[in-house]
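Only one structure is covered here, and it is reproduced in the block below.
Starting from 1, each residue takes its place in the sequence as its number.
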Amino acid sequence: MRDFFMGESSPGMIDWTTMPTYNTIMSLAAGAGLVALVMFARDLMRHRAEDPISTDGWALTFGALGTILTVTGLHMSLTWPLAAGGFAFDNIIFGETSLGFGVLMSALAILLWRRGERITDAPVPMREVARTARPLSVFIAGLGLALLGIMVAGIVHQLFAAPPQEPVSGVFAPWPLVEAAFMSLLFGLIGVGAVLAPFAIRSFTQIRPGASSASSASSASSASTITVPTVARVVGVLWLVTGIVFVLFGALNFYTHIGLVVNTM
């Protein structure tokens, strides 16, 4: 039980001065970003003139999360800091995917900052955002395929396994396939959502208000009666569940990674 919470002690095992590791904050920001996307879509669908969506608030949210992932993802993608410890593949898995997601969220933040009023004044705000995002569909689907590739690589090569020196996760070190399957499944489910996202975006561009209206206020109110397309519901469930898991797993890693550093420095 002590090893479960403390991990095995192996002083001098890793030279941390040559391997800066910050996929903890990356996991936290990525998970929060997935949850935020689902919540943002829900707010857009529920937007009414008497209870308008706060585009400034969402711009701040996506701007903050996008900045974290863009900066850390870019640094990891260009410098490969994890290669020194024998984890070169993690620079691709965490760095490049975080960079792509971070840039997309940053772009959404800029859109909401610059065009927030135009979006909220539209008869169907979700349709307005979907039409703007549609040209990005190819890149989003490409990221989804990349995540599916990571899922397969994770299982085939049994990646993601924590060493016994890491608390909690390290207890599964004798069975590397356990954590490999867990993390690979997370990446795979997010990837499926990303592959389906272009179809969800396309379905949103074709939605119509539930009832005709004579004024902009009643038009905005009618948007709340819009039926969410099935493919969008599937994407929302996939990203909401995996986002919550990534937030919790990222938070846990602040404890486990600190323990790993203490045990191996």
Any chance the rings of [X] and [Y] have centres within less than 6.0 Å?
{"X": "His157", "Y": "Phe89", "answer": "no"}
{"X": "Phe160", "Y": "Phe87", "answer": "no"}
{"X": "Phe182", "Y": "Phe249", "answer": "yes"}

Nearest atoms (heavy-atom pairs only) where [X] meets [Y]:
{"X": "Gln158", "Y": "Pro176", "answer": "OE1-CG, 3.1 Å"}
{"X": "Ile244", "Y": "Val35", "answer": "N-CG2, 3.7 Å"}
{"X": "Leu28", "Y": "Ala251", "answer": "CD1-N, 3.9 Å"}
{"X": "Leu65", "Y": "Ala36", "answer": "CD1-CB, 4.5 Å"}
{"X": "Ala232", "Y": "Ala200", "answer": "CA-CB, 3.8 Å"}
{"X": "Val228", "Y": "Met45", "answer": "CG2-CE, 3.8 Å"}

What verdict does the side-chain contact (heavy atoms from CB on, under 4.5 Å) test give for Ile258 and Thr24, after you've listed the backbone C-alpha separation in whole Å, the side-chain angles of each residue and the deciding distance to 0.1 Å?
CA-CA 10 Å; Ile258 289 173; Thr24 42; over 6 Å; no
Answer yes or no: is there a donor N or O on one side and an acceptor on the other, between the side chain of [X] and the main chain of [Y], under 3.5 Å?
{"X": "Glu179", "Y": "Ala162", "value": "yes"}
{"X": "Ser98", "Y": "Gly95", "value": "no"}
{"X": "Tyr255", "Y": "Pro167", "value": "no"}
{"X": "Thr67", "Y": "Gly63", "value": "yes"}
{"X": "Ser10", "Y": "Met13", "value": "no"}
{"X": "Trp239", "Y": "Ile190", "value": "yes"}
{"X": "Asn263", "Y": "Met6", "value": "yes"}

Given side-chain contact (heavy atoms from CB on, under 4.5 Å), test His257 with Tyr22 step by step and report yes or no.
CA-CA 9 Å; His257 283 198; Tyr22 39 81; over 6 Å; no
Do the side chains of [Y] and [X] get nearer than 4.5 Å, heavy atoms only?
{"X": "Phe40", "Y": "Leu112", "result": "yes"}
{"X": "Leu104", "Y": "Phe62", "result": "no"}
{"X": "Leu185", "Y": "Met151", "result": "no"}
{"X": "Ile14", "Y": "Met19", "result": "yes"}
{"X": "Leu34", "Y": "Leu240", "result": "no"}
{"X": "Thr21", "Y": "Asn23", "result": "yes"}
{"X": "Leu44", "Y": "Pro125", "result": "yes"}
{"X": "Thr70", "Y": "Phe101", "result": "no"}

Same cluster or not: are [X] and [Y] linked, directly or through other Ile, Leu, Val, Met, Phe, Trp or Tyr residues, by side-chain heavy atoms under 4.5 angstrom apart?
{"X": "Leu60", "Y": "Met105", "answer": "no"}
{"X": "Val168", "Y": "Val171", "answer": "yes"}
{"X": "Leu196", "Y": "Ile150", "answer": "yes"}
{"X": "Leu148", "Y": "Val156", "answer": "yes"}
{"X": "Leu37", "Y": "Val234", "answer": "yes"}

Arg42 atom CZ, over 12 foreign heavy atoms within 6.0 Å:
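More than 12 heavy atoms, drawn from other residues, nucleotides or ligands, come within 6.0 Å of this atom.
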Would one find more than 12 heavy atoms of other residues, nucleotides or ligands at under 6.0 Å from atom CD of Gln206?
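Above 12, so yes.
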Cluster membership besides Leu99, Ile/Leu/Val/Met/Phe/Trp/Tyr side chains within less than 4.5 angstrom, sorted by chain and number, is Leu74, Leu78, Val103
Taking transitive links into account, so neighbours of neighbours count too, which hydrophobic residues share a cluster with Trp80 at under 4.5 Å side-chain distance?
Ile92
Will you find, in the side chains of [X] and [Y], an N or O donor that is under 3.5 Å from an N or O acceptor?
{"X": "Ser77", "Y": "Glu96", "result": "no"}
{"X": "Trp58", "Y": "Asp43", "result": "yes"}
{"X": "Ser54", "Y": "Asp56", "result": "no"}

Worked check of side-chain contact (heavy atoms from CB on, under 4.5 Å) between Met126 and Phe204:
CA-CA 7 Å; Met126 174 59 82; Phe204 278 131; 3.4 Å; yes
Reported [atom1]-to-[atom2] distance for the pair [X] and [Y], which is rounded to 0.5 angstrom:
{"X": "Leu260", "Y": "Met265", "atom1": "CG", "atom2": "CE", "value": "11.0 Å"}
{"X": "Leu147", "Y": "Ile93", "atom1": "CG", "atom2": "CD1", "value": "10.5 Å"}
{"X": "Ile201", "Y": "Thr205", "atom1": "CD1", "atom2": "OG1", "value": "9.0 Å"}
{"X": "Ser137", "Y": "Phe199", "atom1": "OG", "atom2": "CZ", "value": "9.0 Å"}
{"X": "Thr97", "Y": "Met76", "atom1": "OG1", "atom2": "CE", "value": "9.0 Å"}
{"X": "Phe246", "Y": "Asn253", "atom1": "CZ", "atom2": "CG", "value": "9.5 Å"}

CA sep, side-chain torsions, deciding dist, call: Phe187, Val192, side-chain contact (heavy atoms from CB on, under 4.5 Å):
CA-CA 9 Å; Phe187 277 101; Val192 171; over 6 Å; no
Non-neighbouring partners of Arg233 that pass salt bridge (charged side-chain N to carboxylate O under 4.0 Å, His left out), sequence neighbours left out:
none
Looking at Thr18, Asp90, Asn91, which hits side-chain contact (heavy atoms from CB on, under 4.5 Å) with Pro81?
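Testing Pro81 for a side-chain contact (heavy atoms from CB on, under 4.5 Å) against Thr18, Asp90, Asn91 leaves exactly one candidate, Asn91.
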